[in-house]
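A note on names: the letters A, B, ... follow the listed sequences, proteins ahead of strands, and every chain is numbered from 1. Atom set for the values below is all heavy atoms of this structure, side chains included, hydrogens, waters and symmetry mates excluded.
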Amino acid sequence: MIRLVFLGRLADLAGAGALELTLAGPSPLEDILLALPAPLAGPLADPRIKLALNGTLVARDGLVVDAGDELAFLPPVSGG
Amino acid sequence: MIRLVFLGRLADLAGAGALELTLAGPSPLEDILLALPAPLAGPLADPRIKLALNGTLVARDGLVVDAGDELAFLPPVSGG
Amino acid sequence: MRAMSWPSCRRFRVADMAADVRLALEPFDPAAELSRFTAANLSAGGVVSFLGQVRNGDGVEALELSHYAPLTLPGMQALAAEALTRWSLEGLLIIHRAGIMVPGDAIVLVAAAARHRRDAFAATDFAMDHLKSESWFWKREKVGGLWRWIEPRGEDHEDLARWV
Amino acid sequence: MRAMSWPSCRRFRVADMAADVRLALEPFDPAAELSRFTAANLSAGGVVSFLGQVRNGDGVEALELSHYAPLTLPGMQALAAEALTRWSLEGLLIIHRAGIMVPGDAIVLVAAAARHRRDAFAATDFAMDHLKSESWFWKREKVGGLWRWIEPRGEDHEDLARWV
């Protein structure tokens with residue numbers, strides 16, 4: 001199981017701040033997006049949305065997520 | 001009678017923050033300086049020392065002071 | 001709160017100077033914080049502060065800042081560390097709220113104490129520019145009973161470019 | 001006090017905005033003043049302040065600022081008016097002490113409230129540069145029981161040149 005965290009307006013699109021997903025094994029980002037509803041998966045594919053895996057910023061390219069991981073989707077920040 | 005006001009270190013040189021002086025009539029600045037002790041008159045002649053007559057900044061050149069006037073000697077300010 | 005819990009206060013030292021960096025999940029009193037900071041920095045000649053508060057009179061009923069705990073406070077701490085290396089400071093305070101706020105509530109307080117006031121001005125200005133455009137907060141406001149997300153502003157990125 | 005008495009508080013308006021400009025002949029409480037100013041400017045998103053205080057730990061036992069009443073407060077008021085025409089401010093506060101102060105005492109407090117924080121930063125910075133180098137104060141400090149006059153600093157004039 002992995003935990004997906006959605007920040008900012010993505011939480012509205014997801015209908016929740018976090019979702020849990022069960023994977024068959026280590027999975028690339030593309031497979032995770034395919035498992036989500038299209039109205040959410042579409043915006044998540046936007047390269048302006050940054051990713052953090054287990055609290056560390058990571059690149060989209062080649063990203064693999066495994067059971068127990070937390071993957072956060074971070075839209076552009078709107079400041080303090 | 002005129003009132004001379006000394007600010008900053010000039011007050012130490014004058015031995016007081018203010019002195020009163022009796023004039024025969026309207027007097028140019030030079031005559032006022034001549035009426036003061038040399039160790040005070042010397043520094044007061046420094047053009048970096050600004051003058052205020054009755055609360056308004058005035059130029060040295062052509063300055064005439066009359067009975068009832070207050071003439072202030074303002075050395076460079078040292079800030080807040 | 002969308003994000004997991006996280007210690008709301010952490011102190012760290014750079015070049016033997018402590019920055020006080022906090023993510024406040026509850027309202028804080030900026031006047032009391034600034035008094036305490038000023039009293040703790042009596043060897044500094046000058047203290048510059050910036051207080052950002054929820055504006056009154058724009059029709060905004062509430063403001064919510066969400067954060068992501070694993071990134072937000074560590075990012076603020078890294079910003080403080082950067083300010084401490086750039087300027088000669090005697091003290092640095094950064095408090096940033098998260099959660100729901102109403103008009104008049106403090107959002108952010110930055111204060112820098114320095115022997116030379118130019119250092120204190122620059123560090124405060126720098127910290128604010130980076131908090132506004134680079135820190136991990138997402139903002140929405142409630143107007144007429146409806147929440148709407150605030151988009152990033154181009155102006156913030158121009159401000160940021162001043163420090164490159 | 002070397003100078004004649006003068007009203008220590010005067011308010012005036014420029015472009016319908018009141019600046020609060022005061023020459024304080026007695027100690028003032030900067031935290032209380034800043035709280036009051038902030039509360040009075042809730043329509044401003046940001047408040048920048050500068051507090052200058054008598055430093056502790058330099059061996060300075062006391063500081064005296066003398067002023068010349070006919071020029072000092074009017075000069076501060078003219079400075080505030082200039083800041084109000086240069087930047088878009090919701091409020092401006094300038095309090096400057098005169099008289100004898102001891103370490104920890106507040107010397108000067110400037111605060112600017114604005115919708116846009118850059119205006120508040122610039123106005124506060126501008127006011128401080130001008131108060132430091134152009135306002136009618138003469139400063140001496142007491143070290144080891146002896147008073148000595150403080151000379152003008154070249155740095156202050158460089159700061160001032162930034163605004164020309």
Side-chain angles (χ1 to χ4, degrees), chain C residues 29-60 63 90 102-118 120-129 131-133 153 155-156 158-159 162, chain D residues 29-60 63 90 102-118 120-129 131-133 153 155-156 158-159 162:
Chain C
D29 178 348
E33 293 291 349
L34 192 56
S35 284
R36 194 195 42 69
F37 179 77
T38 297
N41 286 284
L42 285 181
S43 61
V47 175
V48 170
S49 74
F50 177 86
L51 169 64
Q53 53 191 4
V54 183
R55 270 205 280 259
N56 214 335
D58 282 354
V60 173
L63 182 74
E90 309 258 316
V102 294
D105 279 359
I107 306 169
V108 56
L109 176 67
V110 172
R115 288 183 72 86
H116 303 293
R117 73 179 185 283
R118 191 123 328 283
F121 271 109
T124 305
D125 198 4
F126 170 86
M128 280 309 307
D129 279 357
L131 284 170
K132 280 279 178 181
S133 56
R153 300 185 315 149
E155 193 183 309
D156 288 335
E158 287 164 31
D159 288 344
R162 298 160 61 225
Chain D
D29 178 348
E33 294 291 348
L34 193 56
S35 286
R36 195 193 43 71
F37 179 76
T38 298
N41 286 284
L42 285 182
S43 61
V47 175
V48 170
S49 74
F50 177 86
L51 169 65
Q53 52 191 4
V54 183
R55 270 205 281 259
N56 215 335
D58 282 353
V60 173
L63 181 73
E90 309 258 316
V102 295
D105 280 357
I107 307 169
V108 57
L109 175 67
V110 172
R115 287 183 72 86
H116 302 294
R117 71 178 186 284
R118 190 123 330 283
F121 270 109
T124 306
D125 198 3
F126 170 86
M128 280 310 306
D129 279 357
L131 284 169
K132 280 280 179 182
S133 56
R153 300 185 313 148
E155 193 182 309
D156 288 334
E158 287 163 31
D159 287 344
R162 298 161 61 225

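Both the backbone and the side chain of D:R117 have a heavy atom closer than 4.5 Å to some heavy atom of chain C. The part of D:D58 that comes within reach of chain C is its side chain, from C-beta onward, which places non-hydrogen atoms under 4.5 angstrom from that chain. Residue contact with chain C, scored on non-hydrogen atoms closer than 4.5 Å, is absent for D:V110. Looking at C:L42, the atoms closer than 4.5 Å to chain D (heavy atoms on both sides) sit in the backbone and in the side chain alike. Within the 4.5 angstrom heavy-atom criterion, only side-chain atoms of D:L34, from C-beta onward, approach chain C.
Contact tally against chain C (heavy-atom pairs below 4.5 Å) for D:G57, D:A44, D:P103: the top residue is D:A44. Interface remark: of the candidates D:V47, D:D29, D:V48, D:T38, D:V47 forms the most heavy-atom pairs closer than 4.5 Å to chain C. Of all the listed residues (D:G45, D:S43, D:A31), the one sharing the greatest number of non-hydrogen pairs under 4.5 Å with chain C is D:G45. Your options are D:A32, D:S35, D:S49, and the one with the most heavy-atom pairs under 4.5 Å with chain C is D:S49.
Interatomic distance, D:T124 OG1 to D:D129 CG, rounded to the nearest 0.5 Å: 11.0 Å.
Side-chain contact between C:R55 and D:E90 is absent, with no heavy atoms from C-beta onward closer than 4.5 Å. At a threshold of 4.5 Å between non-hydrogen side-chain atoms, the residues C:M128 and C:L131 count as touching. C:I107 has its side chain within reach of C:V54: a pair of non-hydrogen atoms, C-beta onward, lies under 4.5 Å apart.
Between D:A123 and D:A112, the shortest heavy-atom distance links the atoms CB-CB, 4.2 Å.
In summary, of the residues considered (C:F126, C:F50, C:F121), a ring-ring contact (aromatic ring centres under 6.0 Å, His included) with D:F121 occurs for C:F50 alone.
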